[in-house]
Every structure is written in structure tokens, then in C-alpha cells.
Protein chains: 2
Amino acid sequence: MFDMADPTETPPALLELTTYLLSRVGKDARNRLAELLAADGLRLHHHAALAALADFGPHTQRDLATRLRLDPSDLAKAADQLAAAGWLDRTRDPADRRRLTLTLTPAGATRLAELDALARDVQDAVLAPLTAAERAVLHGLLLRVHG
Amino acid sequence: MFDMADPTETPPALLELTTYLLSRVGKDARNRLAELLAADGLRLHHHAALAALADFGPHTQRDLATRLRLDPSDLAKAADQLAAAGWLDRTRDPADRRRLTLTLTPAGATRLAELDALARDVQDAVLAPLTAAERAVLHGLLLRVHG
DNA sequence: TCCTATAGTGGGTCCAGACCCACGATTCGC
DNA sequence: GCGAATCGTGGGTCTGGACCCACTATAGGA
């Protein structure tokens, strides 16, 4: 019926779907980075949390959970680990003693830089088939789609 | 420090990562389609299985599992449901009675067309911000990355 | 002051995806 | 023909993600 030479070939009907490619490539990138982070006992949302604190400054746990679209309970657990590792400070807000303010520590900033480098490595590997110009185009399009 | 106007804004450091956008957009597309399929009790690999049978003709269960990068055991379960619904025939290969040959039924082809339409709808929604020309560019780049 | 609402947290549930092992049936190499 | 390999399959496990509830501590309004 077709050229069955390669028995692992993906159905053309799927390859025609941009969303199929999107989810396949995206999942691959995600998995690669997740695996690298797992070696250090970290997950992707740990990286996101550190990045958010670096980019926007200190957050209440509630606020950070909202920003990262995480359940407050789950974020509490993540913050636990990050604080235990010394990447962030968790201080009780004196104005409202229910609140905990999360602040990136210098050590956390250093760690974040390492994680960013890791993410760049994965990105270079995933986008290897593209030229720099093509990567820029891809990035621009994805930004529009994401927005 | 920044414009904190929108407390749900994603950290710029992450938006700069193409792989971050890729996995976020991809997961979104995946979830949307998965949700639609779930209404009919189907999963994404059901769609993939039907598409593979349509594009490449009948397969042994083993071969189909290999092509879809699924565990043979998991594919057996999926084939069960598809056969029960009448979308495919499962016949014992007379030449090797261990093998089961999966063949798309006419009803299955019809169903597949419906699923494809569903996938196109999701794609239109996800890629709404892009023009047709831009979508073509995006598709081409993703094909290169995927290959 | 008392009542209600909110922040954080511990301890769960539920689901999908990926995997894996053991087994019966069958085939194939020798 | 017999032992080794292979196909399908039932019945698991393990992981991550998303979610949810109950509870304590605290704050704030009437």
C-alpha cells in the first residue's frame, strides 16, 4: 500500500497535524530537561519557581502559586525543598503573620543560572536541525501562539 | 522591580526558552484534543492507531506497537476497545496462528475521519493567532525539528 | 468580641503514561 | 520432536501532574 520500508515511520496523517508535531516535540523537550533535573532531585516547576522569583522579586506563596498555575498545596511542598536546599528564604510576613514571603537567595540565583544553562543545552539539542535565523522565526511564532 | 500589574504573567526567562513555549503549547494542544476524545471514551493513541492502519494498511499487533512506540501489552488493550467498537477487525493470521492482524473496518475509516476533523478543530483554535502562511512556516520548521 | 475569610500545609485521591513480568499458545531451528 | 524464541495478554507497578479537603494560625469586619 505504501512504502513499508521503515516500520517505525509515523502516519503521514499525523505528521500533517501541526498540533501533533507540537505536542510530540514539546513533550520530547520537556522529558529531556525533566530527566536532567531529576538527577538533582528537581522538577520543572522548581526551575519555574526560581525563575519567577528572579524575574519578579519576592512573592507570597499564594501569589507564586497563582503565577505558576500550581495548587497552593503543591507549591508549599516545592518551596519546602527549595528552602531546605538553601535556594530561597521563607520568612513570615510581619504585617500579616499568615503569609510566607519567598525570596531568592544568592545561592538560589547561582543555582538558577545553572538550571538555565541546562535548559539551553537541551534547547540546542532539540533545535539542532534549525539555523539560528530559523530558530528565531520559530520562537516568534510560538510566542504569538502562546499569547 | 518589574511591572507587577499582571500577577499571572509568566517569567520572561522562561518565555525566552523556545523549548518552554514548545512544551507549553504542545501540552495545551494535546490536552484539548484528549479532552474531546475522552468524551467518547477514547485516548490519543486510539486515534494514532486508526491513522496508522489507514495510512499503512493492516498491521500485526506487534508491528503496530513498534510503529506507535507503545508497549505491546498496552496496544493489546487499546486494540481490544477499538475492535469491540467495530472500528477494526482482529483476525488470526493463518500462516502464523500466534499473530493477530489488525485491519481498519469501513466504520473505522468513517470514525477516523471524524477524529481527524476534531483534531483540525483543535488545531484551528490553537493556531488562531497565526495566518495561513505563518502556520505553513511553523509546520515546516516543526517537521524539520521532529525529523 | 465573635464571626467569617484567608494563608499555609499535611495528607490524601485520581488519572495517564510508561513500563514490566509471567503465562499460554504457537512456531522455528536443530 | 524438543528446546528456544516469539505473539498476544492479563495483571500488575511506578511516576508525575493535578486536584482536593481538613485543619491550624492569623487577620479583619461588624
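Letters go in sequence order (proteins before strands), and every chain restarts at 1.
Mapped onto DNA chain D by nearest heavy atom, B/Thr101 and A/Asp71 fall at different nucleotides, with B/Thr101 at the one closer to the 5' end. If you find the closest nucleotide of DNA chain D to A/His45 and to A/Pro94, the one lying nearer the 5' end belongs to A/His45.
In this structure, B/Gln61 atom CD and D/dT6 atom P are separated by 18 Å, rounded to whole Å. Here C/dG17 presents its P atom at 11 Å from CG of B/Leu33, a figure rounded to the nearest Å. For the pair B/Asp63 CG and D/dT6 P, the interatomic distance rounds to 14 Å; values are reported in whole Å. The nearest whole Å value for the distance from the CG atom in A/Leu37 to the C1' atom in D/dG16 is 14 Å. Rounded to an integer number of Å, the gap from B/Leu100 CG to D/dG10 P is 11 Å. Spacing between atom CG of A/Leu75 and atom P of D/dG17 amounts to 14 Å, rounded to whole angstrom units. Nucleotide D/dT15 holds its P atom 16 Å from the CG atom of A/Asn31, rounded to whole Å. Across the protein-nucleic acid pair, A/Gln81 atom CD and C/dG10 atom P stand 12 Å apart, rounded to whole Å.
Note on A/Arg69: nothing from the nucleic acid sits closer than 4.0 angstrom, heavy atoms only. B/Arg90 comes within 4.0 angstrom of sugar-phosphate atoms only, judged by non-hydrogen atoms across all strands, and of no base. Within 4.0 Å (heavy atoms only), B/Arg99 reaches sugar-phosphate atoms of the nucleic acid but no base atom.
A/Arg144 contributes no side-chain N or O that, together with a main-chain N or O of B/Leu130, makes up a donor-acceptor pair within less than 3.5 Å. Between the side chain of B/Thr101 and the main chain of B/His59, no donor-acceptor pair closer than 3.5 Å is present. A/Gln123 places a side-chain N or O within donor-acceptor distance of the main-chain N or O of B/Thr18, the cut-off being under 3.5 Å. Between the A/Arg92 side chain and the A/Arg98 main chain, a donor and an acceptor come within less than 3.5 Å of each other. One N or O on the side chain of A/His139 and one on the backbone of B/Leu15 form a donor-acceptor pair closer than 3.5 Å.
For the OP1/OP2 pair of C/dA18 and a distance below 4.0 Å, the side-chain nitrogens and oxygens of A/Lys27 include at least one atom meeting the criterion. Contact check, A/Arg98 against C/dT6: no side-chain N or O comes under 4.0 Å of OP1 or OP2. Within the structure, every side-chain polar atom (N or O) of B/Arg97 is placed at least 4.0 Å from both OP1 and OP2 of C/dG24. The side chain of A/Arg43 places an N or O atom within less than 4.0 Å of a non-bridging phosphate oxygen (OP1 or OP2) of D/dG17.
For B/Asp96 and D/dC7, a side-chain-to-base donor-acceptor distance below 3.5 Å is absent, hydrogens and geometry of angles not being considered. At a cut-off of 3.5 angstrom, counting only N and O atoms as typed in the model, there is no donor on one side facing an acceptor on the other between the side-chain of A/Ser73 and the base of C/dG8. Looking at A/Lys77, its side chain has no donor and acceptor atom pair within 3.5 Å of the base of C/dG8.
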